[in-house]
2 protein chains.
Amino acid sequence: MKKKLIYEAVKKFNSLGHECNLEISDKLGMSELQVNQLHYLKIIDRTDDMTFGKFAEILKVTKPSVTEIVNKLIKLNVVKKKQCTWDKRIFYIKLTEKGRNIARLPFLAEQKVVDIIAGVLDDEEIDTFIKIIKKL
Amino acid sequence: MKKKLIYEAVKKFNSLGHECNLEISDKLGMSELQVNQLHYLKIIDRTDDMTFGKFAEILKVTKPSVTEIVNKLIKLNVVKKKQCTWDKRIFYIKLTEKGRNIARLPFLAEQKVVDIIAGVLDDEEIDTFIKIIKKL
DNA sequence: AAACGTTAGTTTTAATTGAACTAATATAAA
DNA sequence: TTTATATTAGTTCAATTAAAACTAACGTTT
């Protein structure tokens, strides 16, 4: 049956993605982070001007908990505090370069897959590939 | 640049996989399980005749801990005990249907993607798709 | 007696919290 | 303008809670 062959192709494509994922996450030293911490980074990444209070609300925990959580993330070099210029009580929680890369790992991995595709296929194959995927 | 289009295609294909993943994991009620428990299921799935002692060795914990771990998995309906026929001291740890499905979610999701591909593309497109993926 | 798993109770560890605290700001009366 | 008062943002710290794993003792089967 044809499905067997399709399955092999799907599996191969996914494996390619997984390998890129693994390679990048290794390079970023991502294995030191817990699943929760990864989740935190994503929330911080997509929230403008994240403060401790805002973060506490989002996570539905108290502010001391946020202090604890953020301190751990700072120790891991994935987050930094940035004091607000006009109100010095306020500290923004910002991702470091490392933190941002980790938060956007799926995107980076996809980029890598794109590079592989662009490097291996010729122009006509690329057009065909894009056209076929578009139909799904 | 062509990469933009390739990226869109890669992203779309991955999204398709993620959606299938999500749909199945929802249907299986997988969100009740912790990450560790998912890990346990995978270990149980790939180990023949898993006993409490063997599981304790693999996880490098004591047998009472395994008892507790397994009891929790039983409560979640993903695992069951099966007494050995010829030696009634021994209990095997077996996945339930639900547990097996959860352990093999990535496979199931890939199957679903395959079905979608088989349903949408015609024979020629499928051949092309397979041929292109093979080159990666 | 030895092997397999369970039960009961303890230890350990991490996460969370409430309460008190510092620092910065806002408000408004003197 | 200055000064007193209250409020807000985040921190520190001690205490609690909850989960995970352990030891020791036990029942059952071989």
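Since the structure is predicted, the reported quantities are computational estimates derived from the model, not experimental observations. Chain naming here is simple, since letters A, B, ... match the order of the sequence lines and numbering starts at 1 in each.
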**Q** Which nucleotide wins on minimum distance to the side chain of Pro64(A), given the candidates dT11(D), dC4(C), dC22(D)?
**A** dT11(D)
**Q** Look at the rings of Phe13(B) and Phe129(B) and say which category their plane angle falls in: under 30° parallel, 30 to 60° tilted, over 60° perpendicular.
**A** tilted
**Q** Does the base of dT8(D) carry an N or O that pairs as donor and acceptor with the side chain of Arg89(A) under 3.5 Å?
**A** yes
**Q** Between Asn36(B) and Asp87(A), which is nearer to the 5' end of DNA chain D once each is assigned its nearest nucleotide?
**A** Asp87(A)
**Q** Take atom CG of Asn71(A) and atom P of dG10(D), then tell me their distance rounded to the nearest Å.
**A** 13 Å
**Q** So, does Gln37(A) get its side chain near the phosphate of dA14(C), meaning an N or O under 4.0 Å from OP1 or OP2?
**A** no
**Q** Checking all strands, does Gln83(A) fall into the base, sugar-phosphate, or nothing category for heavy-atom contacts under 4.0 angstrom?
**A** nothing
**Q** Which of residues 50-63 of chain A sit near DNA chain D, with a heavy atom under 4.0 Å from it?
**A** Thr51(A), Phe52(A), Gly53(A), Lys63(A)
**Q** Would you mind reading off the distance between His39(B) atom NE2 and dA20(D) atom P, rounded to a whole angstrom?
**A** 15 Å
**Q** Nearest whole Å is fine: how far is dA21(D) C1' from Lys72(B) NZ?
**A** 10 Å
**Q** Measure from CH2 on Trp86(B) to P on dA3(C) and round the result to the nearest Å.
**A** 19 Å
**Q** Set out, in order, the CA-CA distance, both residues' side-chain angles and the distance that settles side-chain contact (heavy atoms from CB on, under 4.5 Å) for Met50(A) and Ile58(A), then state yes or no.
**A** CA-CA 10 Å; Met50(A) 177 70 90; Ile58(A) 292 173; 3.7 Å; yes
**Q** Rounded off to whole Å, could you give me the CD1-to-C1' distance for the Ile69(A) and dT11(D) pair?
**A** 15 Å
**Q** Using OP1 and OP2 only, check whether a side-chain N or O of Ser65(B) sits under 4.0 Å from dA20(D).
**A** no
**Q** Using the benzene-type ring in the case of Trp, are the ring centres of Tyr92(A) and Phe55(A) under 6.0 Å apart?
**A** no
**Q** Between C1' on dA9(D) and CG on Asp49(A), what's the gap in Å once rounded to a whole number?
**A** 15 Å
**Q** CD of Glu68(A) versus C1' of dA15(D): gap in Å, rounded?
**A** 14 Å
**Q** Check the surroundings of atom NZ in Lys11(B): do more than 12 heavy atoms from other residues, nucleotides or ligands lie under 6.0 Å from it?
**A** no
**Q** Linking I/L/V/M/F/W/Y whenever their side-chain heavy atoms sit closer than 4.5 Å, directly or via other members, would Leu22(A) and Leu105(A) fall into one cluster?
**A** no
**Q** Please state whether the phosphate of dC4(C), meaning OP1 or OP2, lies under 4.0 angstrom from any side-chain nitrogen or oxygen of Lys81(B).
**A** no
**Q** In plain terms, say whether Arg104(A) and Asp45(A) are close enough for a salt bridge, that is, a side-chain N and a carboxylate O under 4.0 Å apart.
**A** yes
**Q** Can you measure Lys88(B) atom NZ to dT6(C) atom C1' for me and round it to whole angstrom units?
**A** 19 Å
**Q** Do the rings of Phe52(A) and Phe91(A) sit parallel, tilted or perpendicular, given the 30° and 60° boundaries?
**A** perpendicular
**Q** Name the closest nucleotide to the Thr67(B) side chain, picking from dG10(D), dT7(C), dT25(C).
**A** dT7(C)
**Q** Please compare Thr85(A) and Ile90(B) by the position of their nearest nucleotide in DNA chain C and report the one closer to 5'.
**A** Ile90(B)
